[in-house]
Each structure stands twice: as structure tokens, then as C-alpha cells.
Amino acid sequence: AQKVTQAQTEISVVEKEDVTLDCVYETRDTTYYLFWYKQPPSGELVFLIRRNSFDEQNEISGRYSWNFQKSTSSFNFTITASQVVDSAVYFCALSSLGNEKLTFGTGTRLTIIP
Amino acid sequence: GAVVSQHPSWVICKSGTSVKIECRSLDFQATTMFWYRQFPKQSLMLMATSNEGSKATYEQGVEKDKFLINHASLTLSTLTVTSAHPEDSSFYICSARDMASGSYNEQFFGPGTRLTVL
């Protein structure tokens with residue numbers, strides 16, 4: 001069975017601080033896909049990134065960066081110089097080759113304090 | 001590209017009535033669509049996988065007679081909540097897989113439908 005754990009239920013940081021959201025996953029599959037989604041108060045899920053299990057290269061996109069570590073089954077998400085607009089619930093999710101279902105973590109509610 | 005719409009965006013109904021929610025892939029074909037339910041401050045829970053032209057596959061604990069899913073075309077899936085009750089009040093989200101997306105399992109999400117049953 002697949003499992004995604006986001007141990008941080010809620011995080012609050014002051015604007016311009018850096019913040020890292022943790023994601024730990026479990027799967028027996030050798031080929032799998034990891035995702036991060038942002039859910040602002042409006043409710044719509046916003047796709048942020050997909051990472052394939054065979055690509056451990058970290059990625060940076062503007063103020064966002066992701067650290068994929070297969071050795072620790074983690075796929076952490078860092079926001080640098082946080083902004084109020086980053087306030088949202090962030091979900092980490094997992095699926096596998098041959099299994100289309102997405103397994104979501106419980107989400108981390110991020111609040112950026114102006 | 002890869003836009004998914006849902007209609008309605010919100011609905012309020014009386015207990016005992018049925019509510020239909022539509023999920024459309026606007027600019028791509030989707031053989032598979034997924035329906036999720038999200039209660040306040042909780043994660044998304046997969047309800048069912050909808051396959052075009054065949055019966056939906058429901059997750060354990062989801063009543064198939066209560067939540068009717070129809071995937072009549074490559075761009076449309078509908079979820080009907082039959083005889084809705086207050087405990088069915090939730091945020092319902094659909095997603096769709098682009099047939100051309102290969103093996104990356106990427107799903108594109110609709111904006112969600114907020115159902116309130118009085």
C-alpha cells in the first residue's frame with residue numbers, strides 16, 4: 001500500500017522567511033511519481049511539480065525548490081522569501097506506474113504573516 | 001491547455017433531493033476521470049475512478065448507489081449524489097487524465113463543487 005505523510009499540520013512564518021514543507025512517502029513500486037499541489041482558500045488545486053522516481057535531480061522554480069531524496073523517501077518543498085500569497089494548504093501526493101490513483105498526504109496549512 | 005471545469009461551482013439543496021455535478025475536460029480527451037471528496041480541513045479522499053464507456057470503480061466504503069457516476073464521453077463525467085443528506089455536504093473535486101500524458105499519471109483538477117445539504 002502507498003502512503004504519504006505530511007507531519008506538519010500547520011506552519012506559520014513571518015513574511016520573507018524561508019519555509020520547508022516535509023513529505024515522506026512509502027511505496028513498494030520501483031517506478032513512481034511524486035507531486036506537490038497548492039490549495040488556496042478558493043479550493044482549486046494548483047499543480048506545482050511532478051517528479052519521477054528515476055530522476056533525483058532537485059529542482060528550482062523561482063522561489064520554490066524541491067529536494068527529492070530516495071534514500072530517505074522524502075520529497076520536501078522549500079519556499080524562499082515567503083510572501084502572503086503563499087498562504088494555502090499544500091498537499092504532497094504519490095502515484096505509481098500502472099496505478100493511476102493519487103495518494104494524498106494530509107496537507108500542511110501554511111500561513112504567512114505580514 | 002489541460003483545463004478541467006466543474007459545474008456547478010456550488011449548490012445548496014434540501015435533504016432528500018439529488019444533485020448532479022459535471023466534470024469536463026475542455027481541451028483534451030480523458031479516458032479516465034477521478035472523483036474526490038474533501039471535508040473541511042481534511043485531505044482529498046478518492047471516491048471513484050471513472051472510465052469512459054464502462055462502469056466506475058468505487059473505493060472501499062463509498063456507496064455506489066448513493067454516488068452515481070457516468071462517463072459517457074471522453075470529455076464528460078458526471079457525479080450524482082442521490083437522496084442527499086446533510087452528511088453529504090462536502091467539497092467534491094474531479095480530475096482527469098490526459099490520454100496523451102504518457103505514463104506520468106498526471107491528473108488535472110477541476111475547481112471543485114461545494115455541496116451544502118440543508
Side-chain angles (χ1 to χ4, degrees), chain A residues 1-11 21 23-25 27 29-55 59 75 87-111, chain B residues 1-11 21 23 30-52 56-60 62 71 89-99 101-116:
Chain A
Q2 297 185 326
K3 186 179 179 181
V4 176
T5 300
Q6 293 180 257
Q8 304 151 307
T9 305
E10 296 189 25
I11 300 176
L21 309 182
C23 173
V24 174
Y25 62 92
T27 180
D29 297 312
T30 55
T31 301
Y32 52 89
Y33 313 99
L34 294 162
F35 303 82
W36 274 96
Y37 292 91
K38 174 182 180 180
Q39 187 177 41
S42 63
E44 182 167 0
L45 278 176
V46 178
F47 168 80
L48 296 178
I49 191 172
R50 180 196 70 239
R51 176 58 76 220
N52 308 327
S53 57
F54 46 84
D55 180 6
E59 183 157 338
F75 186 42
S87 296
V89 180
Y90 290 85
F91 290 98
C92 181
L94 165 72
S95 70
S96 300
L97 181 65
N99 183 358
E100 299 176 300
K101 298 180 184 180
L102 267 177
T103 299
F104 282 86
T106 50
T108 297
R109 182 174 300 276
L110 176 64
T111 302
Chain B
V3 178
V4 177
S5 70
Q6 274 185 248
H7 178 79
S9 55
W10 60 270
V11 57
I21 303 170
C23 177
T31 52
T32 305
M33 291 184 172
F34 303 87
W35 287 96
Y36 297 84
R37 180 167 56 181
Q38 185 181 30
F39 291 109
K41 295 192 176 183
Q42 293 190 23
S43 187
L44 282 75
M45 298 302 296
L46 180 65
M47 299 175 65
T49 302
S50 169
N51 297 298
E52 186 266 338
T57 303
Y58 290 81
E59 294 300 299
Q60 192 172 10
V62 177
H71 193 156
S89 298
S90 187
F91 192 54
Y92 292 87
I93 307 173
C94 74
S95 70
R97 266 202 71 195
D98 186 346
M99 289 174 63
S101 70
S103 60
Y104 292 146
N105 288 12
E106 188 164 352
Q107 297 179 23
F108 300 96
F109 286 84
T113 297
R114 194 164 301 281
L115 171 63
T116 302

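The analysis underlying the following values was restricted to heavy atoms, covering all of them including side chains, and did not include hydrogens, waters or symmetry mates. Chain letters run A, B, ... following the sequence lines, proteins first, then strands; residues in each count from 1.
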Checklist entry - If you take all heavy atoms of Q38(B) and F91(A), which pair is closest and at what distance? => result NE2-CZ, 3.5 Å

Item to check | Residue part contacting chain B, namely of Q6(A), when any heavy atom lies under 4.5 Å | outcome: neither

Next on the checklist: For a side-chain contact (heavy atoms from CB on, under 4.5 Å) check, start with the C-alpha distance between F34(B) and L102(A), then their side-chain angles and the critical distance, and finish with the verdict.
Outcome noted: CA-CA 9 Å; F34(B) 303 87; L102(A) 267 177; over 6 Å; no

Item to check | Interface moiety of T32(B) toward chain A, non-hydrogen atoms closer than 4.5 Å | outcome: side chain

Checklist entry - Using non-hydrogen atoms only, which part of L46(B) is less than 4.5 Å away from chain A: side chain, backbone, both, or neither? => result side chain

Checklist entry - Hey, is the main chain of E100(A) close enough, under 3.5 Å, to the side chain of Q107(B) for a donor-acceptor pair? => result yes

Checklist entry - So, for G105(A) and S43(B), which heavy atoms are closest and what is the spacing to 0.1 Å? => result O-OG, 2.6 Å

Checklist entry - Under the ring pair (Phe, Tyr, Trp, His ring centres under 6.0 Å) test, which residues partner Y36(B), sequence neighbours left out? => result F104(A), F109(B)

Item to check | Y32(A) portion near chain B, given a 4.5 angstrom heavy-atom threshold | outcome: neither

Checklist entry - In chain order, what residues pass the side-chain hydrogen bond (donor to acceptor under 3.5 Å, both in side chains) check against R37(B), with sequence neighbours excluded? => result none

Checklist entry - Of all of A93(A), G43(A), G107(A), which one pairs up most often with chain B through heavy atoms under 4.5 Å apart? => result G43(A)

Item to check | CD-NZ distance between E10(A) and K41(B), expressed to the nearest 0.5 angstrom | outcome: 6.5 Å

